[in-house]
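These notes are about the structure you will find just below.
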Amino acid sequence: MTAFTLNGQSVEARPGETIWQVADRLGVTLPHLCYRDEPGYGQAKGGRGGNCRACLVEIEGERTLAASCIRTPTAGMVVTTESARAEKSRALVLELLGADQPETAERSRVHHWMADAGIDRSRFPARRHAAPAPDASHPAMRVNLSACISCGLCARACRDVQVNDVIGFAGRGMETTIVFDTARPMGDSSCVGCGECVQACPTDALLPASRVAEPAAAQTVDTACPYCGVGCQVRLTVADNRIVEVEGRNGPANENRLCVKGRFGMDYVHHPQRLTVPLIRKDGAPKTCDMDPANPWTHFREATWEEALERAAGGFRRIRDNHGGGALAGFGSAKGSNEEAYLFQKLVRTAFRTNNVDHCTRLCHASSVAALMEMVGSGATTAPVRECANAEVIVVIGANPTVNHPVGATHIKNAVQNGARLVVMDPRGQALSRHATWMLQFNPGTDVALLNSLLHVVIAEGLYDRTFVAERLEGFEVLKQHVSAFSPEVMAPITGIAPDVVREVARAFATARGAMVFWGMGLSQHAHGTDNARCLIDLTLICGHVGKPGSGLHPLRGQNNVQGASDAGLIPMVYPDYRSVEDAAVRGFYEDLWDTPLDPHKGLTVVEIMHAASDGRIKGLYVMGENPAMSDPDLVHTRASLAALDHMVVQDIFLTETAMLADVVLPASAFPEKTGTFTNTDRLVQMGRAALTPPGEARQDLAIIQEMGRRLGLTWDYAGPAEVFEEMRACMPSIAGISWARLEREGAVTYPCAAEDEPGKAILFDDVFPLPGGKARLKTADVLPPAELPDADYPLVLTTGRVLEHWHTGAMTRRATALEALEGEPHCLLAPAALARLGIAEGGPVRLTTRRGSIRLAGRPDPQVPEGIVFVPFCYTEAAANLLTNPALDPTAKIPEFKFAAVRVEADQAAEVSPAALPS
Ligand SMILES: Nc1nc2c(c(=O)[nH]1)N[C@H]1C(S)=C(S)[C@@H](COP(=O)(O)OP(=O)(O)OC[C@H]3O[C@@H](n4cnc5c(=O)[nH]c(N)nc54)[C@H](O)[C@@H]3O)O[C@H]1N2
Ligand SMILES: Nc1nc2c(c(=O)[nH]1)N[C@H]1C(S)=C(S)[C@@H](COP(=O)(O)OP(=O)(O)OC[C@H]3O[C@@H](n4cnc5c(=O)[nH]c(N)nc54)[C@H](O)[C@@H]3O)O[C@H]1N2
Ligand SMILES: [Mo]
């Protein structure tokens, strides 16, 4: 602590604290414009402000006034903020800056501080005549540089915080101005739309387009983002039951940051196609996905809730009573809350009387979870994303975080800025490649070969952590023996990676003090996905990179609540907290708790349920918040299976492709309309709070599930999510210490958390693994080919995935105005040379055909895609990628091979690619 005098009082500064921060902490208000007291903005690279001079203070013995935002006090310093000289100087600075502020700049902090200082208007003439014309080229943001004070916060936001490096400065003196790339319109630049600059801008120079005019009577609500597993905390500004602005809050996972979807993609909730009344299929209407989501009336009629619920539950009752519970199944939602997931699985197990309950995790990290469970005894991440700040080496394999976990990616890029070395292993290049020390662009589907060769080097060169291996692991000798056959030289022809590079990476990884390992769908979505994960976990374990700072296994969880939905038991083999349905003692516990006999056999998984539907073993399906008619593999078969069901009930917010095949459609609540808890990829349980009321007659998901339960004979009477959460705590030791009241108070708590006075454990397994004997178990895997290899008829490799602006099946994001404006065209990506060789013009029509289906879309050149591969995002209903994909399953995890199929690519003869099917 440093003792000094502030306005005549003795005060103390904490280490590193500036005069401004001390003053602020003690309630002394000082204007500030170029300075932002937030994580990331203080980083060394861009300096920490100090250029606007609005925060000047007087320091005894110094001739000039000092900018308090960059000055740290020294012992005995005498600082005055309220001297006439300081006050006058600050007022003058504000007046000078204010001279250039347009009158209309309602949100300008310059105006705010002027008013605060009692200045009505500036006495100076406006000087800046040369400001460029307002730029409205971006669908989500407006640029008006006549309000810019050149404070540089936007450039720091872009370069230091989000590390996108799009905004820079051009010009000198009075001509200084910010530019996007080389002075392009914002909408044509490489801007990824995160809006960090808008959030940072202290004037109206950068504004969200949604809020150019200030609405009257706005309120704010603190909640979370509905998209990915990073779990960003947001503040919604709401007026007239509409969201007018989204800003990042200082949550543990996002530190005020957001990405384009979170900030500018929330208006899907206001889309005119929201379901507002229950629908019942008209007698005889064909079940087809070929209908207009804006006009359900061709195939459905409106019903009252009473009729729709009775029809929905009555159908399930009839099937259960005639064919047994095993003829029913449910798909719960990783987009819903923990409480909804828990009640949904409880409904399936106790009212349907079957364990046939699953969700999208099956299509996602099922293989990672299977491998983690058998090897370390727990399926969750062992350390949070932000631990990469303490890592010496960071590995990203089979994941594309700048696109899919954009705010998580900023932490990775920040760590690299601060000296961490990054290894990216991916057949495709990506935005992280340029931050990587090693970019291993290896052949798709050869992860086991690559990882085994890394294991080979680490063991052959004796680089593994001997103590960790001896004390914490089982199976090392078998692994050592096994990988001796997989030298980098032997594997190189398979992986395409030079042996020297493999050796270098192996050495850097093994000798790092700490290493964080992130992985995603490129590793998991293979017919050998569990083997891929096993090898990666082996590598991490033998190097001892678990259970200490800067280290950990982190399968980047996808949906905002896929971790929580899995924890809550939306899985056919386990009850909440991953306890086996086949274990009699566990089953007895749940039979007591839920006061009903339970099915002793594990249930069917997502793709197995589809098969059972097509051969008539499953007759009734309840789908809440999933869109399998777009997200499952081999859609021709999947859609036929769904259409073959006797009875399907879909509870969603839109008439999705799946809902189009339903018998009853129930209009539900969207994320900003509900209160509940959500668990992110870091195991952080966070509170989502209702900010809006659902449209029309749409109801809360939790209420709909309960009503369904009652009509199936359950005596449920939960007053709301808090009561459900309390029941969950009673049967889930992992969250025993997280009470609803605590969550309301703290907003976010990490599990496992055993007691209310414990903080929750962010880094797991520092002493034992939760397996009998306490040791982790190494596994071995052999190199096996993907299920379907290219041949003469289908010579290329099809890989599918995501784009930044869209969410999965497009149900939400294609109805978000800015996102659809940014990326509305169905397209595939090919190596530029491959596109040229096929005679396809840039963006020209392409036909992709596999053994299962054919789609037509625009062909775009992308130098990041190697020859021989075509990449297709699966969000476009007009060109659904899953019509093409291979349903071959991993034998352990039952995950389909979304990342590899044999495909034929041709220039399409017909004139042009059809425009988006969704009416605006
Ligand atoms: N914008 C957006 N963000 C999302 C989502 C979304 O739909 N849109 N979905 C969310 C969900 S649920 C999930 S699960 C995550 C998924 O996030 P990611 O795991 O990042 O998802 P993908 O883009 O499907 O695939 C990741 C990478 O795998 C690579 N890959 C392909 N084949 C192979 C291979 O054989 N080996 C290796 N090692 N890599 C390969 C691809 O080139 C790609 O870069 O994203 C979440 N975030
Ligand atoms: N080809 C290919 N296919 C894939 C993948 C791939 O990489 N390639 N990835 C797979 C992966 S990792 C995943 S996770 C799955 C995702 O597959 P899905 O979960 O089927 O995809 P989403 O589009 O996220 O579906 C969410 C649905 O919930 C609805 N919804 C949103 N919020 C709410 C709410 O609050 N309440 C209710 N009731 N409904 C709501 C949305 O309208 C939407 O219909 O896709 C898988 N499919
Ligand atoms: Mo996922």
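Predicted model only: the values in this text are computed from it and were never measured. Along the sequence shown, residues carry numbers from 1. Just so you know, ligand 1 is whichever comes first in the structure, and atom 1 is the first atom listed for that ligand.
A donor-acceptor contact closer than 3.5 angstrom is absent between the side chains of Arg428 and Gln441. Counting only N and O atoms by type, the side chains of Tyr794 and Glu788 include no donor and acceptor under 3.5 Å apart. Side-chain contact, Asp890 with Thr530: a donor N or O sits under 3.5 Å from an acceptor N or O. Defined by atom type and a distance below 3.5 Å, a donor-acceptor pair is present between the side-chain atoms of Asn338 and Thr679.
The shortest separation from a heavy atom of Glu340 to ligand 2 is not under 4.0 Å, leaving the residue out of contact.
Between Trp519 and His365, the ring planes lie perpendicular to each other; the angle is over 60°, past the 30° to 60° tilted range. Relative ring orientation between Phe678 and Phe671 is described as tilted, the plane-to-plane angle lying within the 30° to 60° band.
Residue Gln651 approaches ligand 2 through these ligand atoms, each under 4.0 Å from one of its heavy atoms: 38 (N). Atoms of ligand 2 found under 4.0 Å from any heavy atom of Lys674, numbered from 1 in the order shown, are 34 (C), 35 (O), 36 (N). Counting the atoms of ligand 2 from 1 in the order shown, those under 4.0 Å from a heavy atom of Ala668 are 38 (N). Heavy-atom contacts of Thr885 reach the following atoms of ligand 2: 1 (N) (cutoff under 4.0 Å). Which parts of ligand 2 touch Asp701 is read off a 4.0 Å heavy-atom cut-off, strictly below it: atoms 34 (C), 35 (O), 36 (N), 37 (C), 38 (N). Atoms of ligand 2 lying under 4.0 Å from at least one heavy atom of Thr656, given by number and element, are 44 (O).
Salt bridge absent: Glu339 and Lys674 never bring a charged side-chain N and a carboxylate O closer than 4.0 Å.
Closest non-hydrogen pair, Trp807 versus Thr813, comes out as N-OG1, 2.8 Å.
Each of Cys228, Lys261, Cys364, Ile397, Gly398, Ala399, Asn400, Val403, Asn404, His405, Met425, Asp426, Pro427, Arg428, Phe442, Pro444, Gly445, Asp447, Gly520, Met521, Gly522, His526, Gly558, Gln559, Thr799, Gly801, Arg802, Val803, Leu804, His806, Trp807, His808, Lys899 has a non-hydrogen atom positioned under 4.0 Å from some atom of ligand 1.
Phe898 and His526 have their aromatic ring centers separated by at least 6.0 angstrom.
Distances between N or O atoms of Ser333 and those of ligand 2 include no value under 3.5 Å.
Looking at residues two or more places apart in sequence or on another chain, you find a side-chain contact (heavy atoms from CB on, under 4.5 Å) between Cys388 and Ile394, His411, Ile412, Ala415, Met516, Phe518.
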